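Here the structure is laid out as structure tokens; the discussion comes afterwards.
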Amino acid sequence: MYRQSLEGLTPGAVLAKTVYDDVGRPLLTAGTVLSSRYVDALRARGLLSVYVRDGLADDVVPVDIVTEQVRATITGHVATTFTSIALVAQERGAGPGGVDGMVDRLGEEPIALDGGGTRALADLYADVEYLIAEVLEHDSAAGLASLKTHSSYTFEHSVDVAVIGVLLGRRLGMPRDRLRELALGCLMHDIGKTYVDQTILDKPGPLTGEEFAAIQQHPYLGFELLRRMPFRSLLPAHVAYQHHEKQGGGGYPRGLVGDNTVGARTVHERIGAGRMLLIAEIGAVADVYSALASDRPYRAALPPDRVTATLTEMAGPHLNAEIVGWLRRLVPSYPVGSWVEVRPGSRWAGWRGVVTAVPYARLDEPRVRLLLDAGGEEVADPVDLDVRDHANVRLASLPATAPDPHRRTAPTGRSA
Ligand SMILES: [Fe+2]
Ligand SMILES: [Fe+2]
């Protein structure tokens with residue numbers, strides 16, 4: 001199976017992975033033949049791409065760290081928690097004076113959630129345990145490619161950030177308690193966005209100074225809300241506060257700095273008031289990773305190899321370089337189930353195919369199955385290639401959301 005954009009979908013393709021609604025119930029089950037009516041239903045759900053099988057590489061099964069169903073369930077709990085916190089804060093903080101006025105009016109009393117909010121938070125605590133347990137069973141994110149919807153982006157993004165964050169935190173040797181704080185902080189890091197005008201968040205063009213200033217308030221407000229929540233620690237609030245800070249300074253809201261390493265943390269954290277916390281540096285890396293890999297109103301998702309290349313470019317001045325280095329060992333540039341094209345320089349130049357496996361030790365040298373020749377024609381005998389065995393074979397990812405990314409000419413004679 002492979003990932004296909006809805007735009008490029010031909011009716012008759014078979015859904016390869018079940019699609020869930022926003023509370024984790026199956027909307028369309030795997031095996032459904034996608035008629036145009038079903039494609040409309042997927043579009044109405046806000047999906048941009050799905051996994052399909054259509055006779056090409058049907059045996060390739062991307063295994064996500066967290067299943068789509070679990071993702072959908074946690075996404076629902078994140079959404080409910082956001083809404084409950086926003087509601088209480090609005091009641092207590094409504095009035096003039098912008099964010100500062102609102103924070104003043106919140107006072108120092110803890111925020112008491114209503115029954116629904118308390119339940120959602122309890123669900124979220126349970127989700128955190130589940131998420132950590134799932135991540136602990138995986139060495140890397142070989143098939144990570146969660147499907148996103150327009151309508152629930154912030155919540156789905158939050159779950160992504162938590163999964164990547166915990167994957168990183170585990171690799172950096174964080175104890176279980178710290179992983180919990182990290183996961184909760186990642187799930188809640190953008191809660192301050194509930195007060196930013198949605199039209200600004202979704203604006204397709206460049207932002208005005210005023211609009212950017214409005215967006216820049218979300219880490220501070222997030223911190224002020226989360227530190228009043230009945231969490232067992234302040235660290236999740238600091239993930240929200242610091243996730244837009246940069247290693248070289250110049251981030252917001254406080255212009256904290258980092259030194260691009262992971263070690264010698266405790267002393268620095270105690271004495272260096274202007275320094276980012278490790279837990280927030282991990283959150284920042286996971287946040288950028290998820291944003292680059294997602295479709296946004298102002299740009300399409302970057303192809304997977306551009307995501308990892310861009311993170312590497314941002315390492316140093318912006319993102320903690322040592323953490324990005326670890327991420328490069330955890331997240332492949334060519335995930336299982338994604339389409340790739342062979343670059344010039346070998347006999348397969350211009351051929352296209354699907355990644356079938358990613359070796360753990362050499363994450364960026366996958367096995368691929370070449371299905372289409374340089375002219376875009378299906379080949380009679382697909383070529384299974386282990387990139388590790390061919391030094392002259394270099395790959396380029398094809399974007400998952402481009403219309404019909406993998407076919408230049410219409411294939412013929414294939415059963416759906
Ligand atoms: Fe943010
Ligand atoms: Fe974010």
Side-chain angles (χ1 to χ4, degrees), residues 71 74-75 77-79 81-83 85-86 89 99 103 124 128 131 144 146 148-169 181-203 207 211-227 229 235-247 250-256 258 276-277 279-299 301-302 307 310-311 314 318-320 323-324 327 331:
R71 269 182 194 278
I74 301 181
T75 303
H77 295 155
V78 172
T81 311
F82 267 46
T83 313
I85 296 175
V99 166
V103 169
L124 219 53
V128 161
L131 194 146
L144 185 86
S146 71
K148 301 284 193 325
T149 62
H150 276 316
S151 48
S152 310
Y153 170 75
T154 297
F155 312 125
E156 290 161 341
H157 159 72
S158 304
V159 179
D160 251 8
V161 175
V163 172
I164 294 293
V166 172
L167 197 63
L168 276 167
E181 291 161 328
L182 173 61
L184 196 58
C186 289
L187 289 174
M188 296 282 108
H189 77 279
D190 271 336
I191 186 155
K193 280 191 178 171
T194 42
Y195 294 91
V196 181
D197 194 337
Q198 193 65 36
T199 54
I200 299 178
L201 295 175
D202 289 344
K203 189 177 172 184
L207 299 173
E211 288 166 341
F212 191 51
I215 286 187
Q216 282 184 318
Q217 290 184 313
H218 82 272
Y220 167 65
L221 185 57
F223 171 72
E224 292 294 343
L225 292 175
L226 294 179
R227 79 178 179 87
M229 293 293 299
L235 283 173
H238 280 289
V239 175
Y241 204 4
Q242 300 185 13
H243 74 279
H244 286 290
E245 301 285 0
K246 297 180 178 177
Q247 294 294 296
Y252 61 89
R254 290 181 290 169
L256 302 181
M276 286 180 78
L277 296 166
I279 197 168
E281 292 177 309
I282 294 173
V285 171
D287 183 39
V288 172
Y289 172 84
S290 164
L292 294 174
S294 305
D295 286 294
R296 307 295 297 116
Y298 41 87
R299 58 143 177 80
L302 299 188
V307 173
T310 306
L311 280 165
M314 294 170 79
H318 183 161
L319 299 171
N320 182 311
I323 298 174
V324 172
L327 187 74
V331 175

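Given the structure is predicted, the values throughout are model-derived calculations rather than measurements. Atoms within a ligand are numbered from 1 in the order they appear, just like the ligands themselves.
Under the 4.0 Å criterion applied to side-chain N and carboxylate O atoms, Lys203 and Glu211 are assigned as salt-bridge partners.
Nearby protein atoms of type N, O or S around the Fe ion (ligand 2) amount to 4 (distance under 2.8 Å).
For Tyr195 and His218, the gap between ring centers reaches or exceeds 6.0 Å. Checked against a 6.0 Å centroid threshold, the rings of His157 and His189 count as neighbours.
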* Met314 and Val324: CA distance, side-chain angles, deciding distance, side chain to side chain contact (heavy atoms under 4.5 Å, CB included) verdict -> CA-CA 9 Å; Met314 294 170 79; Val324 172; over 6 Å; no
* Determine, step by step, whether Thr154 and Phe82 satisfy the side chain to side chain contact (heavy atoms under 4.5 Å, CB included) criterion, reporting the C-alpha distance in whole Å, the side-chain angles of both residues, the deciding distance to 0.1 Å, and the verdict. => CA-CA 10 Å; Thr154 297; Phe82 267 46; 4.0 Å; yes
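Judged purely by atom type and a 3.5 angstrom limit, Asn320 uses its side chain to pair as donor or acceptor with the backbone of Ile323.
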